[in-house]
Each structure stands twice: as C-alpha cells, then as structure tokens.
Amino acid sequence: MKEKVETALKKIGLSLQADGGNVELVDVSEDGTVKVRLTGACVGCPMSSMTLKNGVERILMQEVSEVKKVVAVQ
C-alpha cells in the first residue's frame, strides 16, 4: 500500500508545487491512516486544512482503496 500512496502523492505534489507547496509522506499504518507533512508555501497557509481534506485525502482515497483517512503532522 505504501508504494501506491507514494505514487498518488507524487501526482498531488505536482499541483501543490505549482503554488509553491508540496506534500511528503511520513507514515502509512496498517489501519489505513496516512500521515503526511505539508511543506513549502502550504506551511501556515490558512487553506492548508482544506487542501489536506478536500485535495490530498480525497484523491488518496480515490487512488488507493485501503486509505481510510489522512492526517497532517508537523
């Protein structure tokens, strides 16, 4: 599952990089929780929580059926 998540995050990262941000994988747990770190312009951005839920989580759940939730870590 980790490889599938990494592949999907690379696609998502391209969109974020266009705005000066990015996302990096921290961990994938057996229960389907994916931990990510938003970087670059995403750090401190007031829209970052929306980006996480409406962008990163939504796309990961579509691309990788085993993903149950996505959480941001520092």
Side-chain angles (χ1 to χ4, degrees):
M1 176 170 64
K2 185 175 182 178
E3 293 80 23
K4 292 181 196 177
V5 170
E6 287 174 335
T7 300
L9 282 177
K10 285 180 186 176
K11 294 179 194 175
I12 297 166
L14 294 174
S15 297
L16 295 175
Q17 289 168 9
D19 290 325
N22 207 350
V23 62
E24 62 184 43
L25 180 62
V26 175
D27 188 38
V28 178
S29 66
E30 292 295 321
D31 70 354
T33 300
V34 176
K35 293 180 182 177
V36 298
R37 180 176 295 118
L38 295 172
T39 62
C42 292
V43 176
C45 174
M47 300 300 286
S48 64
S49 62
M50 185 180 284
T51 297
L52 181 71
K53 290 295 175 189
N54 295 336
V56 177
E57 183 176 69
R58 181 181 56 82
I59 293 168
L60 278 179
M61 291 174 81
Q62 286 175 347
E63 299 266 331
V64 185
S65 60
E66 299 92 345
V67 173
K68 303 300 178 216
K69 68 178 177 177
V70 178
V71 295
V73 297
Q74 296 297 326

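Side chains included, hydrogens not; waters and symmetry mates left out as well; all remaining heavy atoms used. As the structure is a computational prediction, the values presented were derived from the model and not from experiment. Throughout, residue positions are numbered sequentially from 1 according to the sequence presented.
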*Determine whether Asn22 and Glu24 make a side-chain contact, defined as any pair of heavy atoms from C-beta on separated by less than 4.5 Å.*
no

*asked:* Less than 4.5 Å apart, side chain to side chain, heavy atoms only: is that true for Thr33 and Asp27?
replied: no

_Return the CG to CZ distance between Leu25 and Arg37, rounded to the nearest 0.5 Å._
10.0 Å

*Measure the NZ-NZ distance between Lys35 and Lys69 for me, rounded to the nearest 0.5 Å.*
9.0 Å

*Within one Ile-Leu-Val-Met-Phe-Trp-Tyr cluster: Val71 and Val5, side-chain cutoff 4.5 Å*: no

_In this structure, would Val43 and Val26 fall into the same cluster of hydrophobic residues linked by side-chain contacts under 4.5 Å?_
no

*So do the side chains of Thr7 and Glu63 get within less than 4.5 Å of each other, counting heavy atoms only?*
no

*Joint hydrophobic cluster, Val70 plus Met47, side-chain heavy atoms closer than 4.5 Å*: no

*Might you confirm whether atom CD of Glu30 has over 12 heavy atoms from other residues, nucleotides or ligands at distances under 6.0 Å?*
no

*Roughly how far, to the nearest 0.5 Å, is SG of Cys42 from CD of Gln17?*
10.0 Å

_Distance, nearest 0.5 Å, that separates CG of Leu60 from NZ of Lys11_ = 10.5 Å

*Would you say the side chain of Asp31 lies within less than 4.5 Å of the side chain of Lys68, judging by non-hydrogen atoms?*
no

*Roughly how far, to the nearest 0.5 Å, is the CG atom of Leu38 from the CG atom of Leu16?*
7.0 Å

*Inter-residue atom distance Lys53.NZ - Arg58.CZ, 0.5 Å rounding*: 13.5 Å

